[in-house]
Amino acid sequence: MMNKQRYDHVKVENDVQQGWEEAGTFVATENSDKPKYYCLSMFPYPSGQLHMGHVRTYTLGDVISRFQRLQGRNVLHPMGWDAFGLPAENAAIQRNIPPAQWTKGNIEHMKSQMRALGFSFDWSREFATCDPDYYRWEQWFFTRMFRKSLVYKKSAWLNWDPVDKTVLANEQVVDGRGWRSDAPVERREVTQWFVRITDYAEELLNCLDHLPGWPEKIKTLQRNWIGKSRGISVIFPLKGEADSLSVYTTRPDTLMGVTSIAVAPQHPLAIKAGADKPAIQSFLEQCNRTLGAEANIAKLPKQGMALGLAVTHPLSGEEIPVWVANFVLMEYGSGAVMSVPAHDQRDWEFAQEYQLPIKQVIAPLPESAEECALDSGAFTARGLLINSGSFDGLDFDAAFDAIALALAEKKLGEQQINYRLRDWGVARQRYWGCPIPMINCAQCGAVPVPDEDLPVLLPTEVEFEGLGSPLKKMPDWYETDCPECGGAAQRETDTLDTFMESSWYYARFACSDAKDGMLDERADYWGQVDHYVGGEEHAILHLLYARFFHKVMRDEGMVKSDEPFEKLLPIGMVLQGGTKMSKSAGDAGDPQHLLEQYGADAVRLAMMFASPPEQSFEWSQQGVEAANKWLRTRLWALVAQHLDTGDKEAKIDARRLTPAERDMRRLSHETLSKCADDYGRRLSFNTVVSTVMSLLNHLVKFAETSPQAGAVRGEALRIAVLTLSPITPHICHALWEQLTGESIDRADWPAVDRSALEKTSVELAVQVNGKLRGRVQVQPDASEDEAVAVAREEANVKKFMAGKTTRKCIYVPNRVLNFVVS
RNA sequence: GCGGGUGUGGUGAAAUAGGUAGACACGCAAGACUUAAAAUCUUGUCGCUUUCGAGCGGUGCCGGUUCAACUCCGGCCACCCGCACCA
């Protein structure tokens with residue numbers, strides 16, 4: 001008897017969670033007759049405590065997992081920790097706690113919060129990326145990539161913090177200053193490790209066309225990020241030297257309008273010119289000093305200097321001066337551009353600044369409304385060629401081909417595909433990361449650590465003294481012998497970008513205890529992640545890197561599919577005061593006190609009800625109290641009342657139901673049908689909640705007391721409890737047990753009784769000239785004649801039809817009837 | 001600047017293939033219970049008008065297509081996100 005029992009969320013949730021743990025309910029196995037379903041939520045960085053953004057992501061993943069379990073799938077729903085990263089080092093410096101210890105404590109706390117939220121994770125597969133058992137395989141994979149030349153060392157121009165003496169990622173540069181030191185960031189040439197992701201640029205782009213389970217929005221972001229373009233690389237021979245200058249352009253049709261060439265400040269020609277011209281030298285230094293993050297470069301005025309060099313135009317033979325300009329990027333194309341001020345806005349501004357000639361070679365298409373006004377700006381649209389000799393009159397496409405051909409004949413140019421995507425710089429001058437498994441030998445160069453010597457362990461007993469990585473001050477650690485020549489050599493003291501760990505963790509979950517390899521055959525069983533759930537802010541970097549890793553793993557024979565994530569659910573942010581939630585967001589970001597006061601089910605229910613998954617929304621905790629109240633006064637109370645009155649449950653005899661009973665039962669089965677669609681196809685969990693709420697609102701008003709009515713009520717309650725169980729699993733577990741005597745963990749989603757959905761009458765909206773004038777009851781699928789006859793008798797409709805001639809009648813069965821009158 | 005998204009009551013939102021706009025909640029107001037409060041329950045809640053039957057207006061703004069538009073098309077505006085001199 002539960003009539004005396006009030007809803008006690010603490011007791012219910014503790015009992016149910018304990019039951020799950022004892023039974024190992026969510027431990028996934030590979031020997032099941034059921035079809036597999038791999039649902040993955042992005043693992044967190046163990047910052048210390050969960051915030052509402054985590055709660056939202058993991059509740060969504062949990063709801064999907066639990067629904068798929070009810071649908072009879074063998075579900076894998078793992079969780080782990082993205083445990084390397086900078087905050088641990090900052091904590092170490094500020095509070096003198098070793099990063100490993102700080103991280104471990106955070107994981108323990110966050111894990112207990114996840115347990116309290118009732119997430120159906122298979123904890124038997126848990127790992128942290130700072131576990132040597134995990135990162136040893138990353139090191140192993142790194143050496144595989146090195147042997148395939150997918151990893152290489154090169155010098156690149158990067159953001160350099162002169163105070164902290166480290167390379168900074170672009171996102172660590174704020175307004176041109178280092179985020180920690182606040183020192184102006186410099187551009188500096190640094191030698192570091194890169195991964196050749198550009199080798200896969202074309203495939204990464206093309207496969208996007210075969211990912212129907214990904215939102216178009218995310219695919220567009222990735223396409224833009226990869227940034228494929230088709231153009232021509234044109235060779236301009238240097239005047240008076242044997243050397244030449246290569247320039248990439250997507251607008252070869254403007255080639256005859258070139259009035260100068262501009263190279264990047266880091267370009268070899270510029271550096272060479274600077275060597276004997278102090279003015280140029282100081283300009284180059286100024287560029288490297290003042291230019292921080294690339295994004296800031298765009299805001300600066302166009303500046304440049306003539307190098308005193310000239311090249312020959314490949315087609316006209318004209319002499320063209322070479323400049324150095326601050327807006328040319330060394331990292332894109334060949335670090336040099338042909339300047340066509342008439343048809344490129346940047347070149348136009350540059351030409352204005354230094355009074356360079358502007359030569360129009362493109363005229364607007366005759367049928368277009370565009371105008372070419374070179375006094376006020378460049379004409380950048382495509383058009384017809386003029387002032388271009390034999391190419392005059394050609395349009396863009398014809399000119400592209402003709403000029404490409406003309407250049408090819410002179411061996412001064414060829415078609416080229418270019419990508420905005422650049423190779424991935426993976427080395428970090430940090431301590432708390434995966435050691436790069438390479439040894440630098442003066443004789444043999446960079447040598448990978450042999451497999452039998454892996455893992456290269458990251459020492460955890462470290463002292464943080466001042467700035468920089470402790471590894472660089474640990475000769476005991478980095479001094480070693482060269483694996484090839486046996487001579488004295490040094491380990492690489494940089495560590496890997498933490499995006500490396502998150503690029504393959506999804507695959508490792510299939511076999512997280514594999515001892516003899518990075519992956520084993522269980523990775524084939526679980527295959528692609530069926531549904532990947534996580535913050536939309538990872539739309540580009542993480543998802544691109546993971547796709548890249550997957551393809552490399554495929555080429556190494558470790559996985560069989562081309563793509564890691566079949567379906568993707570990008571989740572909107574949980575905002576607080578208009579900004580993204582984070583651990584610094586304060587108390588309201590922490591779910592702890594809400595969990596204690598209202599319970600996990602209430603928090604989960606409020607979160608799911610608040611908004612559809614993709615949408616960002618402002619968190620308000622009012623909803624949690626309301627959710628708790630609803631669970632208590634509606635769901636729990638109705639079940640208690642039903643059991644309490646001891647309503648005899650007869651077997652439902654559909655033919656003997658009263659109209660009210662039939663309506664009630666129809667609503668139950670409509671709920672079942674709609675919610676299955678909302679969970680499975682629409683991923684619309686807020687409407688699942690409102691649909692079940694609506695069902696119970698009707699049940700409150702359903703007052704009949706016969707045995708048949710008791711049966712109808714019992715069925716409605718079982719449907720409500722089962723339907724809601726993915727969202728509020730604890731209370732539903734308890735209520736299901738009361739209602740059926742069985743465990744909901746073994747329940748299946750019931751079949752909808754089609755016959756229960758049949759109606760004896762439907763409401764038809766009646767419009768006159770498109771305006772709603774009345775509603776009438778007609779038989780389902782009534783003929784137009786019948787519907788018209790009933791509708792014409794409706795008083796208000798009659799009023800608006802009086803004295804009018806019916807011109808037309810539009811009838812949508814079971815929905816609307818529209819009289820067009822005059 | 002380029003690309004994408006969003007815009008519906010006081011608030012979160014719903015309307016799934018063009019067919020009854022505002023479901024379901026929060027908040028608010030009134031009432032019941034109570035000595036009182038809390039808790040709970042009931043009723044009302046887009047605006048204006050109303051003879052209480054209903055009428056008019058209404059989904060960011062302007063226009064269009066249609067018997068019918070939150071939904072489709074064209075043009076604006078605002079906010080958000082991503083990229084940003086990519087040659």
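A:Asn769 places its CG atom 9 Å from the P atom of B:A68, with the value rounded to the nearest Å. If you take NZ of A:Lys701 and P of B:C41, they are 13 Å apart, rounded to a whole angstrom. Across the protein-nucleic acid pair, A:Met338 atom CE and B:A87 atom C1' stand 8 Å apart, rounded to whole Å. Atom-to-atom, NE2 of A:His698 to P of B:A23 comes out at 13 Å; the value is rounded to the nearest Å. The CD-P distance, from A:Gln345 to B:C86, rounds to 11 Å in whole Å. One atom, CZ of A:Phe236, and another, P of B:A87, lie 16 Å apart when rounded to the nearest Å. Going from atom CZ of A:Arg346 over to atom C1' of B:C86 covers 7 Å, rounded to whole Å. Regarding A:Glu536, its CD atom lies at a distance of 10 Å from the C1' atom of B:G82, rounded to whole Å.
Comparing B:C62 with B:A69, their P atoms sit 15 Å apart, to the nearest whole Å. To the nearest whole angstrom, the two P atoms, one in B:G7 and one in B:A25, are 23 Å apart. Comparing the P positions of B:G18 and B:U11 gives a spacing of 28 Å, expressed to the nearest Å. If you take atom C1' in B:G27 and the same atom in B:G82, they sit 35 Å apart, rounded to whole Å. Rounded to the nearest Å, the gap between the C1' atom of B:U59 and that of B:G53 is 28 Å. Between B:G74 and B:U66, the distance separating the two C1' atoms is 16 Å to the nearest Å. Nucleotides B:C67 and B:C72 are separated by 16 Å at their C1' atoms, to the nearest Å.
Tested against A:Lys674, the residues A:Thr671, A:Asp678, A:Asp677 include a single side-chain hydrogen bond (donor to acceptor under 3.5 Å, both in side chains) partner, A:Asp678.
Between A:Trp323 and A:Tyr354, a ring centre-to-centre spacing shorter than 6.0 Å is recorded.
Across B:G4, B:U40, B:C83, the shortest atom-to-atom separation from the side chain of A:Arg420 is found for B:C83. When distances are taken from the side chain of A:Arg815 to each of B:C85, B:C67, B:G19, the shortest belongs to B:G19. Considering only side-chain atoms of A:Arg422, the nucleotide from B:C86, B:G19, B:C41 that sits closest is B:C86. With distances taken from any side-chain atom of A:Lys302 to the nucleotides B:A87, B:C41, B:C85, the minimum falls on B:C85.
Under the salt bridge (Lys or Arg N to Asp or Glu O under 4.0 Å) criterion, A:Glu794 pairs with no residue, sequence neighbours left out.
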How does each nucleotide of nucleotides 46-59 of chain B score, in 5' to 3' order, for protein heavy atoms under 4.0 Å: base (B), sugar-phosphate only (S), or none (-)?
--------SSSS--
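Using a 4.0 Å heavy-atom cutoff across all strands shown, A:Ile540 reaches sugar-phosphate atoms only and no base atom. Here A:Val812 lies in heavy-atom contact (under 4.0 Å) with a base. At the heavy-atom level, A:Thr633 lies under 4.0 Å from the strands shown only through sugar-phosphate atoms.
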Interface polar pairs with nucleotides 8-16 of chain B, N/O, under 3.5 angstrom:
residue, atom, partner, partner atom, Å
B:G12, O2', A:Ala610, O, 2.5
B:A13, OP1, A:Gln615, OE1, 3.0
B:A13, O3', A:Asn686, ND2, 3.4
B:A14, OP1, A:Asn686, ND2, 2.9
B:A15, OP1, A:Arg682, NH1, 3.0
B:A15, OP1, A:Arg682, NH2, 2.9
B:U16, O4', A:Arg682, NH1, 3.3
B:U16, O2, A:Asp677, OD2, 3.4
B:U16, O2, A:Arg681, NH2, 2.6
B:U16, O4, A:Lys674, NZ, 2.2

Identify the pairs formed between an N or O of the protein and an N or O of nucleotides 1-3 of chain B at a distance under 3.5 Å, and give each distance.
residue, atom, partner, partner atom, Å
B:G3, O2', A:Asn224, ND2, 3.3

Under 3.5 Å, N/O pairs linking protein and nucleotides 26-31 of chain B:
residue, atom, partner, partner atom, Å
B:C26, O2', A:Gln622, OE1, 3.2

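Glycosidic conformation of B:A17: syn, with the torsion inside 90° of 0. The glycosidic torsion of B:G31 lies more than 90° away from 0, which places this base in the anti conformation. In this structure, B:G53 is classed as syn because its glycosidic torsion stays within 90° of zero.
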Test A:Asn224 against A:Arg420 for side-chain hydrogen bond (donor to acceptor under 3.5 Å, both in side chains), laying out the working first.
CA-CA 8 Å; A:Asn224 293 344; A:Arg420 208 193 69 106; over 6 Å; no
Report the C-alpha separation of A:Tyr7 and A:Thr633 in whole Å, then their side-chain angles, then the decisive distance to 0.1 Å, and conclude whether the side-chain contact (heavy atoms from CB on, under 4.5 Å) test is met.
CA-CA 9 Å; A:Tyr7 169 50; A:Thr633 64; over 6 Å; no
Candidate pair A:Asp601 and A:Arg632, rule salt bridge (Lys or Arg N to Asp or Glu O under 4.0 Å), full reasoning:
CA-CA 11 Å; A:Asp601 284 336; A:Arg632 180 160 41 85; over 6 Å; no
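For B:A87, neither phosphate oxygen OP1 nor OP2 lies less than 4.0 angstrom from any side-chain nitrogen or oxygen of A:Tyr248. Taking only side-chain nitrogens and oxygens, A:Asn697 never comes nearer than 4.0 Å to OP1 or OP2 of B:A23.
Each of A:Arg634 and A:Arg251 has a nearest nucleotide on RNA chain B; the 5'-most of these lies closest to A:Arg634. If A:Trp225 and A:Asp347 are placed on RNA chain B by their nearest nucleotide, the residue sitting closer to the 5' end is A:Trp225.
A salt bridge does not link A:Glu614 to A:Lys217: none of the charged side-chain nitrogens sits closer than 4.0 Å to a carboxylate oxygen. Salt-bridge check for A:Asp209 with A:Arg223: passed, with a basic side-chain N closer than 4.0 Å to an acidic carboxylate O. Using a cutoff of 4.0 Å between basic side-chain nitrogens and carboxylate oxygens, A:Lys302 and A:Glu349 are scored as salt-bridged.
For the atom pair CD1 of A:Ile362 and CD of A:Gln360, the computed distance is 8.5 Å after rounding to the nearest 0.5 Å.
Every stem involving RNA chain B, taken as at least 3 paired positions in a row under the Watson-Crick or G-U wobble test at 3.5 Å, is listed here: B:1-7 with B:77-83, B:10-12 with B:24-26, B:27-32 with B:40-45, B:46-49 with B:54-57, B:60-64 with B:72-76.
Other residues, nucleotides and ligands contribute at most 12 non-hydrogen atoms within 6.0 Å of the CD atom of A:Gln779.
The aromatic rings of A:Phe685 and A:Tyr679 are tilted relative to each other, their planes meeting at an angle between 30° and 60°.
Note that A:Arg230 lies in the cation-pi zone of A:Phe400, set by a 6.0 Å cut-off to the ring centre and a 45° limit from the axis. Geometrically, A:Arg773 engages A:Phe800 in a cation-pi contact, judged by NZ or CZ lying under 6.0 Å from the ring centre and within 45° of the ring axis.
The minimum heavy-atom distance linking A:Arg346 with A:Phe327 is given by the pair CB-CE1, 4.2 Å.
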